[in-house]
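The structure appears right after this line, and notes come after that.
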Number of protein chains: 2
Amino acid sequence: MTEYKDATMLDIARELKVSKSTVSRALKDHPSIGKKTRQAIQDLAKKYNYHPNNIAYSLSKKSTKTIGVIVPMLSHYYFSTVISGIEELAYKSGYKVIICQSAESYEREVIVSQALLSSKVDGLIVSISRETVNSDHFKVYQSKNVPIVFFDRVCADMEVSSVTIDDYQGAFTAVEHLIREGRRKIAHFAGPPLLQITQKRIEGYKDALSAYGIPFDENLLIDCGSGLEQENGSMAAQEMLDRGIKPDAIFAICDPIAIGVMVTLKRNHVNIPDEVAVVGFCDEPIARVVEPQLSSLVQPAFKIGETSIELLLNQINGQDHIPEKRVLTAELQIRDSSSSTI
Amino acid sequence: MTEYKDATMLDIARELKVSKSTVSRALKDHPSIGKKTRQAIQDLAKKYNYHPNNIAYSLSKKSTKTIGVIVPMLSHYYFSTVISGIEELAYKSGYKVIICQSAESYEREVIVSQALLSSKVDGLIVSISRETVNSDHFKVYQSKNVPIVFFDRVCADMEVSSVTIDDYQGAFTAVEHLIREGRRKIAHFAGPPLLQITQKRIEGYKDALSAYGIPFDENLLIDCGSGLEQENGSMAAQEMLDRGIKPDAIFAICDPIAIGVMVTLKRNHVNIPDEVAVVGFCDEPIARVVEPQLSSLVQPAFKIGETSIELLLNQINGQDHIPEKRVLTAELQIRDSSSSTI
DNA sequence: TTAATTTAAACAACCGGTTGCGTAAACTTA
DNA sequence: TAAGTTTACGCAACCGGTTGTTTAAATTAA
């Protein structure tokens, strides 16, 4: 309990009057080491509570057995679930995971991606911040041959592997569902314009409308500003009502926005779903807690994490040389907020 | 874009026909390097897009400038907020943060704590899993003089720094509030028995009752099993109702449990707060989303994170030699679930 | 019994930085 | 101009592992 210094291979070697390399090999059961020598070394290692120094290992092997993950926000259920998926498979494969937040800031994203690069991660999994337009900080990884996998939010101008869900299809499904429920005046609360998901979901929204012969109305495409939080939804909804716009259904880019919308609607005594049906995206836990319970598109977050690390490991192990793009589908979970009782 | 190998100091040294040590010093503006030499070296470093190898740095300096964090679950708003607090101050001080989940598993906790030790973190911040009773895996840190700070959930048998909130006081406050609202038959939905917070909150609950002359009723102390999730609360509440027990107020160990309770009550047509008032603990975002909005004790999560890293850095920098225990207070946020309209 | 082969372990370079110490050249000072 | 200081940089060891190559001893074959 009071050994202030870690035992090293050299310590063991000296005590047993063998060489450092012999210790190294003995500890990994290398066949060229004699049985008694090996045993003696392993015994002493136990006794000294020897633990290999990962730093030294990494330096000599030029591999840290570590993969970096950058997400915008840890405090979103979606992202933390993706991370759980990543960790699961990473640990099984002997990899550690370093998790960083960009806090939705481009500047911070650049800093952490450089830090991870300096820390010599063997690979990187990223969902970019909503501010990010420039991808130079990720291109450095490519130039150094460190594989990257993007999930959910990708850099459009890079040729890399990615795991996304089919935003277009998800949005289309949601809107189609609303139409089939008899809604005609369907508004879409959209996200930050820079994000691909914003655009894809808008497309799905528009196409679903036109597929059912409903003309697109500019006024029903609501911009929620740069945030994806509840307040953004609340404010945008209030603004909409103030402008005298009253749809009979709302498809929101994400659950927090949807909930903000619901709060505002209820505050204005608009009945959900009778007067206005609401559908969100992501199926966060709160979706089952609000009243009425929120219909939402289930993103297979854990699966997205697993798939991301799978693609990454394939690249690290040199199996994939060309980027692979996996697209998973989001399934609609219908709850009370959109199943009309009319 | 196609340099497959990182430029090293040696590369720069060779090209400029100087020594490696000169490059090392020049890059950090060491005064003993001439102005022109320094400039030439720095210019070439830019040109080659040189980035120092952190691994090598760590090996020679015997410090990774990295601190490890182990939390039970990333997907809890509370924990991810604590982490944000930790990161904030850590980055400012030039430290990186490695985040790991124990997934509430003792076994996993041991594994990750050993991995972090092998990775030579300069310090560790932990909130233990609810299964953890043995703390040998943390004692190894002490034997190697790697400082540890516990937050929220601590190992009772270790002499280390910790940051906790005053669970006793929080529970007392909550129950006192309920009593002042005119409630007398107050139930407590308790957490996993092994956790200190479970015990402290039970104490606060009991003492508040007796402070107001209300006898403690064994039947009103409800065990929610080993989980802290919504379902645990739901099931325990249903069981309670089935046993014919009907309190007029419920203080739950945490918000998810409280919400589970609310769901069950509503399903059984019990009005909240008229028939039963409910108070939770943690003030997670969902507290403002359920209906009625849930009263809860606000844990200053971000502040807890900041305080934890502050204590840790003090120890790393050798300012603190004796463990320091900081106790923050939780403030009661009163909402509709407990403000009686009777 | 000696040469050929196998076995067990040592040697030493390497990974990419940091740093104490030594030293030649340039500059002061006497 | 010789001696004393600075200035600017090189040398080499070190951090703690990994690994290709040698070498000495033990074993086998001839």
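Naming convention: chains lettered A, B, ... in sequence-line order (proteins, then strands); numbering from 1 in each chain.
Ion pair Asp43(A)/Arg38(A) not flagged as a salt bridge, since none of the NZ, NE, NH1 or NH2 atoms sits closer than 4.0 Å to an Asp/Glu carboxylate oxygen. A salt bridge does not link Lys62(B) to Asp6(A): none of the charged nitrogens lies less than 4.0 Å from a carboxylate oxygen.
As rounded to whole Å, 10 Å separates atom P of dT18(C) from atom CG of Asn54(B). Whole-Å rounding puts the Ile55(A) CD1 to dT18(C) P distance at 14 Å. Rounding to whole angstrom units, CG of residue Leu59(A) and C1' of dG17(C) are separated by 8 Å. Atom P of nucleotide dG16(C) and atom OH of Tyr48(B) are separated by 15 Å, given to the nearest angstrom. Straight-line distance from the CG atom of Asn53(B) to the C1' atom of dG17(C): 7 Å, rounded to whole Å.
Taking every heavy atom of residues 12-21 of chain A and every atom of DNA chain C, pairs under 4.0 Å involve Lys17(A), Val18(A), Ser19(A), Ser21(A), by number. DNA chain D is contacted by Ser32(B), Ile33(B), Gly34(B), Thr37(B) of residues 29-39 of chain B, taking any non-hydrogen atom closer than 4.0 Å.
Taking 4.0 angstrom as the limit, Ser60(A) places none of its side-chain polar atoms (N or O) nearer than this to OP1 or OP2 of dC14(C). The side chain of Lys120(B) contributes no N or O atom lying less than 4.0 Å from OP1 or OP2 of dC15(D). Residue Tyr50(B) places at least one side-chain N or O under 4.0 Å from the OP1 or OP2 atom of dG17(C). Side-chain nitrogen and oxygen atoms of Lys28(B) include at least one within less than 4.0 Å of the OP1 or OP2 phosphate oxygen of dT18(C).
Partners of Phe150(A) according to the ring-ring contact (aromatic ring centres under 6.0 Å, His included) rule, which considers only residues two or more places apart in sequence or in another chain, are Phe138(A). Taking the salt bridge (charged side-chain N to carboxylate O under 4.0 Å, His left out) definition, one finds that Glu104(B) meets it with Arg130(B), Arg153(B), sequence neighbours left out. Looking at residues two or more places apart in sequence or on another chain, you find a side chain to side chain contact (heavy atoms under 4.5 Å, CB included) between Ser84(A) and Phe302(A), Gln101(B). Taking Thr64(A) as the reference, Ser58(A), Thr66(A), Lys120(A), Asp122(A), Ile55(B) meet the side chain to side chain contact (heavy atoms under 4.5 Å, CB included) condition, with sequence neighbours excluded. Every residue two or more places apart in sequence or in another chain was checked for a salt bridge (charged side-chain N to carboxylate O under 4.0 Å, His left out) with Asp136(A), and none qualifies. Judged as a side chain to side chain contact (heavy atoms under 4.5 Å, CB included), and not counting sequence neighbours, Ser60(B) has no contacts.
Listed by first and then second residue, the salt bridge (Lys or Arg N to Asp or Glu O under 4.0 Å) pairs that reach into residues 69-90 of chain A come to none, sequence neighbours excluded.
To the nearest 0.5 Å, atom OH of residue Tyr91(A) and atom OG of residue Ser93(A) are 12.0 Å apart.
Between the side chain of Ser161(B) and the main chain of Val149(B), no donor-acceptor pair closer than 3.5 Å is present. In this structure, the side chain of Glu109(B) engages the main chain of Ser129(B) through a donor-acceptor pair within 3.5 Å.
Considering only side-chain atoms of Met9(A), the nucleotide from dT19(C), dT18(D), dC15(C) that sits closest is dT18(D). Side-chain atoms of Ser24(A) lie closest to dT19(D) of the nucleotides dC15(D), dT19(D), dG17(C). The listed nucleotides are dG17(D), dA9(C), dG17(C); the one nearest the side chain of Tyr57(B) is dG17(C). Residue Thr22(B) has its side chain nearest to dG10(D) when only dG16(D), dG17(C), dG10(D) are considered.
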For this session: Begin from the C-alpha positions of Tyr106(B) and His137(B) and carry the test ring pair (Phe, Tyr, Trp, His ring centres under 6.0 Å) through to its verdict.
Result: CA-CA 10 Å; Tyr106(B) 167 70; His137(B) 50 308; 5.5 Å; yes
Seminar exercise, completed: Protein heavy-atom contacts under 4.0 Å, written 5' to 3' over nucleotides 21-27 of chain C as B (base), S (sugar-phosphate only) or - (none), form the string B------
Problem set entry | Under the 3.5 Å Watson-Crick or G-U criterion, the dot-bracket string of DNA chain D, with | for inter-strand pairs | |||.||||||||||||||||||||||.|||
Validation: residues 26-36 of chain A side-chain donor-acceptor distances under 3.5 Å, sequence neighbours left out:
residue	atom	partner	partner atom	Å
Asp29(A)	OD1	Gln42(A)	NE2	3.0
His30(A)	ND1	Ser32(A)	N	3.1
His30(A)	ND1	Ser32(A)	OG	3.3

